[in-house]
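The figures that follow rest on heavy atoms only: side chains count, while hydrogens, waters and symmetry mates do not. None of the values given here were measured: they were computed from a predicted structure.
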Amino acid sequence: MAEIKSVGVVGAGQMGAGIAQVLATAGHRTLLFDASAPALEKGLAGIHSRLGQAVEKGKMDAATSERAKQHLSAAGSLRDFASCDLIIEAIIEQFEPKAALFREVDKILRPDAILASNTSSISITRMAAVTSRPDKFLGVHFMNPVPVMQLVELIRGLQTSDDTYKAILALCASIKKTTVLALDGPGFIVNRILCPMINEAIFLVQEGVAPTDIDNAMKLGTNHPMGPLTLADFVGLDTLLYILQLLHRELGEDKYRPCPLLVKYVEAGWHGKKSGRGFYSY
Ligand code: 3HC
């Protein structure tokens, strides 16, 4: 792969839409697909609205915003990805749906095209193994909100080639993101450290400390932009629980045990900001 010019993004949720936005803004031909037509529409509308806001705030000139819109289009089906140099998957965080998607796009894409997953937790080596091109497969884990956060964690599977890794490094540089190389293990770097910290904050809530006191302590005492409980609501309590369960299961240590209060909130449907209620009400 000489240079990645056209990218297909699968999944138009918060992460997928954010990824498509930064790619199109950097001038890559970007195709966004979602199996749900309303989700695709919502994702595209969100991108257009954020580009508009950036111009209004004077953070982006009108020509760049216009170019981004022109470089972005909706894919009617996965077959539209046939000429893409790279596919970035940002769908539901479960192995089987991701594997099914990769099996399908593997058949559609050119043999030299690269497959990437924005998974926050699933083994890259395991997903790569369902395709005919494990050497052209790797993890690209963006942070939420994608247009704002500087970092992308890159994860090489057992068989990821140097050429694939270099092509993705160049792509990340072109969208002005900073990369770090993580191991293909549970939680990579950020979630391995972040999720146990948030879990500890939830244990403190369970022991009777007020969420606002915990958040203020971490914001004012350690200069975190958001307190851990606000961040938990922002990331989604269901997502947080899923990652903690994975760390607990795969690393096998008590220190990763999800706080029972977190389990209870998720059981109640309190999934954070997206559901209107978590540690705070929205
Ligand atoms: N999409 C796009 N842009 C957004 C946004 C979103 N969802 N939310 C906020 N922004 C932009 C705003 O438009 C604003 O842009 P501007 O400076 O150009 O005007 C900028 O971000 C700052 O926003 P605000 O002034 O409204 O609010 P804050 O100053 O509080 O910043 C924040 C918001 C950037 C989200 C900041 O609070 C922050 O950095 N929080 C921590 C986020 C974090 O830790 N993310 C990583 C989570 S872990 C993860 O993603 C891994 C996953 O696997 C779980």
Side-chain angles (χ1 to χ4, degrees), residues 1-52 54 64-120 122 124 127-128 130-134 136-142 144-147 152 164 167-168 170-172 174-175 177:
M1 170 73 49
E3 191 192 345
I4 295 169
K5 289 189 178 140
S6 56
V7 187
V9 179
V10 190
Q14 233 178 357
M15 297 305 284
I19 295 167
Q21 181 182 331
V22 295
L23 288 165
T25 303
H28 297 285
R29 193 170 70 79
T30 308
L31 277 173
L32 183 61
F33 176 77
D34 199 295
S36 147
L40 181 56
E41 222 165 89
K42 190 173 167 209
L44 287 167
I47 297 173
H48 280 252
S49 142
R50 282 194 297 276
L51 290 171
T64 307
S65 165
E66 208 37 54
R67 186 184 72 158
K69 287 177 194 167
Q70 277 168 10
H71 278 78
L72 177 70
S73 33
S77 86
L78 292 174
R79 273 184 298 280
D80 293 352
F81 289 152
S83 65
C84 285
D85 301 320
L86 164 72
I87 297 298
I88 302 180
E89 165 279 313
I91 65 168
I92 187 171
E93 191 64 1
Q94 285 172 13
F95 177 77
E96 275 311 330
K98 286 185 192 286
L101 172 72
F102 282 122
R103 279 189 203 102
E104 201 171 340
V105 289
D106 188 27
K107 287 185 218 142
I108 293 166
L109 293 175
R110 289 193 322 267
D112 65 332
I114 296 175
L115 302 177
S117 173
N118 179 55
T119 181
S120 56
I122 297 171
I124 299 304
M127 281 189 279
V130 308
T131 74
S132 66
R133 56 182 95 196
K136 295 187 185 69
F137 195 108
L138 87 173
V140 285
H141 183 214
F142 287 81
N144 188 15
V146 178
V152 179
T164 299
I168 295 293
L171 178 84
C172 290
S174 77
I175 58 173
K177 297 288 184 198

Original post:
To the nearest 0.5 Å, what is the distance between OG (Ser49) and CG (Leu44)?
Top reply: 12.0 Å
**OP:** Kindly indicate whether the side chain of Asp80, heavy atoms from C-beta on, has any atom under 4.5 Å from the side chain of Ile108.
**Re:** no
Original post:
Do Met127 and Thr119 touch side chain to side chain, with heavy atoms closer than 4.5 Å?
Top reply: yes
**OP:** Give a yes or no answer on whether the side chain of Asp85 reaches the backbone of Ala113 with a donor-acceptor pair at less than 3.5 Å.
**Re:** no
Original post:
Do Thr25 and Arg67 touch side chain to side chain, with heavy atoms closer than 4.5 Å?
Top reply: no
Subject >> Nearest heavy atoms of Pro134 and Ser132, plus distance in Å >> reply: CD-C, 3.5 Å
Original post:
What distance do Glu66 atom CD and Gln70 atom CD have between them, rounded to the nearest 0.5 Å?
Top reply: 5.5 Å
Subject >> 4.5 Å side-chain heavy-atom contact, Val152 and His141 >> reply: no
Subject >> Any donor-acceptor N/O pair, Asp34 side chain to Ala39 backbone, under 3.5 Å >> reply: no
Subject >> Non-neighbouring partners of Phe137 that pass ring pair (Phe, Tyr, Trp, His ring centres under 6.0 Å), sequence neighbours left out >> reply: Phe102
**OP:** Specify the closest pair of heavy atoms between Ala12 and Leu40, including all atoms of both residues, with the distance to one decimal.
**Re:** CB-CA, 3.9 Å
Original post:
Within a reach of under 6.0 Å around NZ of Lys69, are more than 12 heavy atoms found that belong to other residues, nucleotides or ligands?
Top reply: yes
Original post:
Could you give the distance from CG (Asn144) to OG (Ser120), rounded to the nearest 0.5 Å?
Top reply: 11.0 Å
Original post:
Which residues pass the side chain to side chain contact (heavy atoms under 4.5 Å, CB included) test with Ser174, sequence neighbours left out?
Top reply: His28, Leu171
Original post:
Is any side-chain heavy atom of Val105 less than 4.5 Å from a side-chain heavy atom of Thr131?
Top reply: no
**OP:** Mind checking the CD1-CG spacing from Ile88 to Leu23? Nearest 0.5 Å is all I need.
**Re:** 5.0 Å
Original post:
Is the backbone of Phe142 close enough, under 3.5 Å, to the side chain of Asn118 for a donor and an acceptor to pair up by distance?
Top reply: yes
Original post:
Can you find a pair of side-chain heavy atoms, one from Val7 and one from Leu31, that are under 4.5 Å apart?
Top reply: no
Original post:
Which pair of heavy atoms, one from Gly8 and one from Cys84, lies closest together, and at what distance?
Top reply: N-SG, 3.6 Å
**OP:** Go through the steps for Leu109 and Leu115 under the test side chain to side chain contact (heavy atoms under 4.5 Å, CB included), then give the verdict.
**Re:** CA-CA 9 Å; Leu109 293 175; Leu115 302 177; 3.3 Å; yes
Original post:
How would you list, by chain and number, every residue that makes a side chain to side chain contact (heavy atoms under 4.5 Å, CB included) with Ala20, sequence neighbours excluded?
Top reply: Val9, Thr30, Leu32, Ile47, Leu72
**OP:** Assess the side chains of Ser83 and Arg29: does a donor N or O sit below 3.5 Å from an acceptor N or O?
**Re:** yes
Original post:
To the nearest 0.5 Å, how far apart are CG in Leu138 and OG1 in Thr164?
Top reply: 7.0 Å
Original post:
Taking only residues two or more places apart in sequence, or in another chain, which ones meet Lys98 in a salt bridge (Lys or Arg N to Asp or Glu O under 4.0 Å)?
Top reply: Glu89, Glu93
**OP:** Can you sort out the partners of Pro145 under side chain to side chain contact (heavy atoms under 4.5 Å, CB included), two or more places apart, ordered by chain and number?
**Re:** Pro147, Val148, Met149, Phe234
Subject >> Closest contact, heavy atoms only, Gly27 versus His71 >> reply: O-CD2, 3.3 Å
Subject >> Val130 and Phe95, any side-chain heavy atoms less than 4.5 Å apart >> reply: yes
**OP:** Only counting residues at least two apart or in another chain, list the ones meeting salt bridge (Lys or Arg N to Asp or Glu O under 4.0 Å) with Arg133.
**Re:** Asp106
**OP:** Can you measure from CD1 (Ile19) to NZ (Lys177) and round to the nearest 0.5 angstrom?
**Re:** 9.5 Å
Subject >> Audit row: Val22, Val146, side chain to side chain contact (heavy atoms under 4.5 Å, CB included) steps and yes/no >> reply: CA-CA 8 Å; Val22 295; Val146 178; 4.2 Å; yes
